[in-house]
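All remarks here apply to the structure that follows.
Chain letters run A, B, ... following the sequence lines, proteins first and then strands; every chain starts at 1.
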Amino acid sequence: MATTNAGVARILQELADLMKLEEGSPQSFRVRAYEKAVAAVRELTTDVAEMSQSQLVAVGGIGASTAKKILEFVNTGSIERVEKLREKYPPEFVELTRIPGVGPKTAVLMRAHLGVENVEHLKAAVAANKVRELPGMGAKSEDKIARAIERLGLHGKDRRTPIQQAMPLARELVASIEALPEVRRATYCGSLRRFRDTIGDIDIVAASTEPEPVMEAFLALPVVSEVIGRGDTKSSVLTAAGLQIDLRVVAPSEFGAATLYFTGSKQHNIELRQRAIDRGWTLNEYALADAETDEVISSRTEKSIYEALGLRYIAAELREGTGEIEAAATKALPRLVEVGDIKGDLHVHSTWSGDGRSSLDEMVATAAARGLEYIAITEHAENLAINGLSRDEVAAEAKELDRLRDAHPELTILHGSELNIGPDGGLDYDNDLLMAFDWCVASVHSHFDLPQAQQTDRLLAAIAHPAVNVIGHPTGRMIGRRPGIEFDLDAVLDAAADTGTALEINCHLDRLDLPAEMLRHARERRDLTFVISTDSHHIREYDHLQWGVANSRRGWVDRRQVANTWPRDRFLEWARLTRA
DNA sequence: GCCGTTTTCGGCCCGACTGTTTTCAGTCG
């Protein structure tokens with residue numbers, strides 16, 4: 001597999017994370033320099049593997065030292081500095097810093113004083129009240145850590161990987177395998193294909209009549225750090241980060257049955273097999289076949305198997321055994337959203353926001369070039385330190401938007417804002433300014449630890465405000481790093497329905513917020529409106545749309561309830577009416 | 001480690017908040 005930009009970005013990010021521990025500070029200039037280099041590589045439009053030292057150094061954010069490391073990685077598949085640091089800080093130790101409240105200093109401190117090397121050790125130390133005795137720590141910090149471990153579901157060994165890490169890797173692996181001449185088709189399956197927000201391991205199924213060279217190529221991939229098992233049709237490996245990848249090679253005629261079987265879920269498969277048995281058939285990873293004669297009824301595609309069983313095709317995101325088979329049998333499946341249905345993006349930042357990375361001109365021009373009919377520019381608001389816009393800046397940006405409207409007459413540009421919902425439900429600016437915007441997203445960006453009743457109240461207050469069109473990333477969760485705020489979901493859904501306030505489905509892979517579980521909870525409600533938004537901070541992030549769409553599908557969201565699938569006139573009319 | 005000079009060192013965004021503390025670590029976007 002050729003070195004990809006994503007692969008380079010990944011190892012540089014690992015280097016940055018390891019340097020945080022080494023330097024004892026996430027703010028170290030060296031760490032920040034590496035993180036800038038990561039961002040630079042992610043945003044490159046050319047192939048890093050093809051670039052020379054001088055070309056790399058010419059990229060802003062990459063200097064001589066990082067360029068050298070990139071070349072080392074491209075040429076050898078590893079970086080010596082990273083290897084050394086991995087020995088000193090193994091993955092299970094690094095994992096400690098994923099716990100909110102535990103940074104590099106605390107992790108190193110706990111290791112030095114208490115011998116804490118992993119989450120299991122930390123849990124024991126917390127249980128023995130040892131952590132509160134450390135300098136700079138107290139009972140509250142210890143409790144916070146204990147709760148964080150509990151709520152994040154970290155248990156050390158059997159940890160799950162956030163989809164944000166697994167998905168890009170799986171895409172890359174599938175592309176490499178599919179590029180092999182012996183491979184007809186390949187796809188990832190399992191919980192990743194079902195679009196769960198965390199995954200246990202990556203399952204890949206490839207169709208080929210020559211499994212041997214496929215297996216060999218797989219085992220030789222640079223991402224493989226350890227081979228657990230190898231056979232003719234199935235091999236398992238581990239990455240350096242401890243993520244397991246399984247590859248299964250099947251005959252092309254069995255591809256549908258194999259992907260169906262390995263995509264699961266277990267419950268979905270059980271129900272499908274029961275349906276087969278009821279018809280005198282059997283279903284396994286090779287085929288749907290007659291139980292008596294073994295004659296194959298269907299195996300080549302998933303669709304043909306579903307159809308043979310009297311079912312509409314069931315999208316992978318729905319296969320959780322939560323009523324999808326019954327719905328497919330009675331033609332009651334939701335009309336799921338496709339990427340092509342989306343006509344507008346209603347949560348977009350530019351460099352006017354402190355954390356934006358593409359200019360306003362670029363963000364608008366790219367939206368127009370992608371064929372969007374409407375877009376809302378929603379910079380951060382004044383109460384968000386550093387990143388937010390002052391009132392003067394809001395006025396100044398409004399003038400820029402007028403200019404851009406003239407330059408892009410085919411695109412409707414809404415002047416919006418991403419407001420901050422304060423701990424008491426208060427918003428930024430004043431009412432006159434709020435009502436002067438065309439579109440307001442209101443989001444929680446702070447005070448994640450308030451009690452449930454207070455969290456519910458602040459969301460209800462924001463929903464009730466006439467200027468607010470949509471609640472942005474409603475839970476505020478960061479998958480694998482921070483649980484969402486706790487609130488009364490039904491109370492929030494009721495209020496959103498009453499006021500016509502939409503709920504965002506945020507497309508960032510580390511957010512996917514609202515989570516699919518909450519969307520499923522709301523799936524019978526026809527009185528709710530959703531908006532699928534990329535929350536882009538860079539032109540490349542418009543591509544994240546696919547993730548929000550997939551999450552909506554997993555949540556059984558019907559496309560008729562997604563406001564940004566509506567044509568421009570209908571959307572604008574609705575947006576205007578809800579601001580009153 | 002990167003950058004950009006007033007060109008080989010010195011600055012690198014910064015403010016609020018919490019929990020722990022008399023100076024700092026972690027977190028937020």
Side-chain angles (χ1 to χ4, degrees), chain A residues 12-13 15-16 18-41 56-70 79 81 96-110 131-145 147-148 347-357 378-390 417-424 428 441-450 472-473 476-478 481-485 506 508 510-511 513 535-538 541:
Chain A
L12 290 179
Q13 183 63 59
L15 179 56
L18 291 167
M19 286 305 294
K20 283 179 201 169
L21 292 162
E22 182 73 1
E23 303 246 315
S25 163
Q27 271 81 249
S28 126
F29 293 119
R30 198 173 274 120
V31 170
R32 276 164 53 183
Y34 283 133
E35 289 188 329
K36 269 187 205 162
V38 171
V41 170
L56 285 167
V57 171
V59 176
I62 300 176
S65 163
T66 304
K68 235 176 113 180
K69 290 187 174 73
I70 292 174
I79 298 173
R81 188 76 215 259
L96 290 170
T97 61
R98 281 179 37 205
I99 301 167
V102 179
K105 285 221 169 151
T106 310
V108 170
L109 183 78
M110 294 191 303
V131 172
R132 65 180 64 186
E133 292 166 9
L134 294 173
M137 306 291 284
K140 280 198 175 177
S141 308
E142 191 176 74
D143 287 348
K144 199 177 163 188
I145 290 171
R147 270 186 300 137
H347 187 165
V348 174
H349 297 268
S350 76
T351 47
W352 281 78
S353 295
D355 57 356
R357 300 190 317 287
T378 54
E379 310 292 2
H380 286 296
E382 63 177 357
N383 292 351
L384 190 65
I386 312 304
N387 288 336
L389 268 60
S390 68
S417 180
E418 182 181 14
L419 307 168
N420 304 288
I421 305 174
D424 54 356
D428 313 64
V441 182
S443 310
V444 166
H445 289 131
S446 65
H447 301 87
F448 297 94
D449 274 342
L450 300 177
H473 44 72
R477 72 169 178 170
M478 297 293 266
R481 285 191 284 145
R482 176 179 80 202
I485 61 171
N506 189 288
H508 280 282
D510 56 354
R511 288 193 182 273
D513 190 6
D535 191 3
S536 288
H537 289 66
H538 186 274
E541 295 180 358

*Residue met sooner reading DNA chain B from 5', once A:R132 and A:G354 are mapped to nucleotides*: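 Final value for this comparison: A:G354.
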Provide the distance between the two [atom1] atoms, one in [N] and one in [M], to the nearest whole Å.
| N | M | atom1 | answer |
| --- | --- | --- | --- |
| B:dG1 | B:dT8 | C1' | 15 Å |
| B:dC14 | B:dG29 | C1' | 12 Å |
| B:dG11 | B:dT5 | C1' | 11 Å |
| B:dT23 | B:dC28 | P | 27 Å |
| B:dG26 | B:dT21 | P | 14 Å |
| B:dG19 | B:dC13 | C1' | 25 Å |
| B:dT20 | B:dA16 | P | 22 Å |
| B:dG15 | B:dT22 | P | 24 Å |

Grab the [atom1]-[atom2] distance between [X] and [N] for me, whole Å please.
| X | N | atom1 | atom2 | value |
| --- | --- | --- | --- | --- |
| A:L134 | B:dG19 | CG | P | 18 Å |
| A:I145 | B:dG19 | CD1 | P | 13 Å |
| A:E142 | B:dT21 | CD | P | 13 Å |

*Who pairs with A:H445 by ring-ring contact (aromatic ring centres under 6.0 Å, His included), at least two apart in sequence or on another chain?*
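So A:H445 forms a ring-ring contact (aromatic ring centres under 6.0 Å, His included) with A:H380, A:H473.
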Quiz: residues 60-69 of chain A side-chain donor-acceptor pairs under 3.5 angstrom, not counting sequence neighbours:
unit_1, atom_1, unit_2, atom_2, d
A:S65, OG, A:K69, NZ, 3.2
A:K69, NZ, A:Y34, OH, 3.4

Close side-chain approach of [X] to [Y], heavy-atom, < 4.5 Å:
| X | Y | value |
| --- | --- | --- |
| A:H349 | A:N387 | no |
| A:E418 | A:L384 | no |
| A:I70 | A:L12 | yes |

*Within the structure shown, what part of the strands sits under 4.0 Å from A:M137 by heavy-atom distance: base, sugar-phosphate, or nothing?*
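Contact class for A:M137: sugar-phosphate only.
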*Between A:E23 and A:R32, does at least one N-O distance fall below 4.0 Å, as a salt bridge requires?*
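Result for this pair is no, no salt bridge flagged.
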Has [X] got a side-chain atom pairing as donor or acceptor with [Y]'s backbone, closer than 3.5 angstrom?
| X | Y | value |
| --- | --- | --- |
| A:R482 | A:G476 | yes |
| A:D428 | A:N420 | yes |
| A:R477 | A:I485 | no |

*How does each nucleotide of nucleotides 1-12 of chain B score, in 5' to 3' order, for protein heavy atoms under 4.0 Å: base (B), sugar-phosphate only (S), or none (-)?*
BSS--------B
*For each nucleotide in nucleotides 22-29 of chain B, reading 5' to 3', give B when a protein heavy atom comes within less than 4.0 Å of its base, S when such contact involves only the sugar-phosphate, and - otherwise.*
---SSSSB
*Taking atom types as modelled and ignoring hydrogens, do the side chains of A:E379 and A:S353 form a donor-acceptor contact shorter than 3.5 angstrom?*
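Their side chains do contain a donor-acceptor pair, which is all the 3.5 Å distance test asks for.
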*Do A:R132 and A:D143 pass the side-chain contact (heavy atoms from CB on, under 4.5 Å) test, and can you show the C-alpha distance, the side-chain angles, and the key distance before you say yes or no?*
CA-CA 9 Å; A:R132 65 180 64 186; A:D143 287 348; 4.2 Å; yes
*Who are the side chain to side chain contact (heavy atoms under 4.5 Å, CB included) partners of A:T97, not counting sequence neighbours?*
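Side chain to side chain contact (heavy atoms under 4.5 Å, CB included) list for A:T97, sorted by chain: A:L21, A:V94, A:A107.
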*Structure string for DNA chain B in dot-bracket form, Watson-Crick and G-U at under 3.5 Å, | interchain*: ((((....))))..(((((....))))).
*For B:dT20, take OP1 and OP2 only and decide whether either is under 4.0 Å from a side-chain N or O of A:S141.*
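For B:dT20, OP1 or OP2 has a side-chain N or O of A:S141 closer than 4.0 Å.
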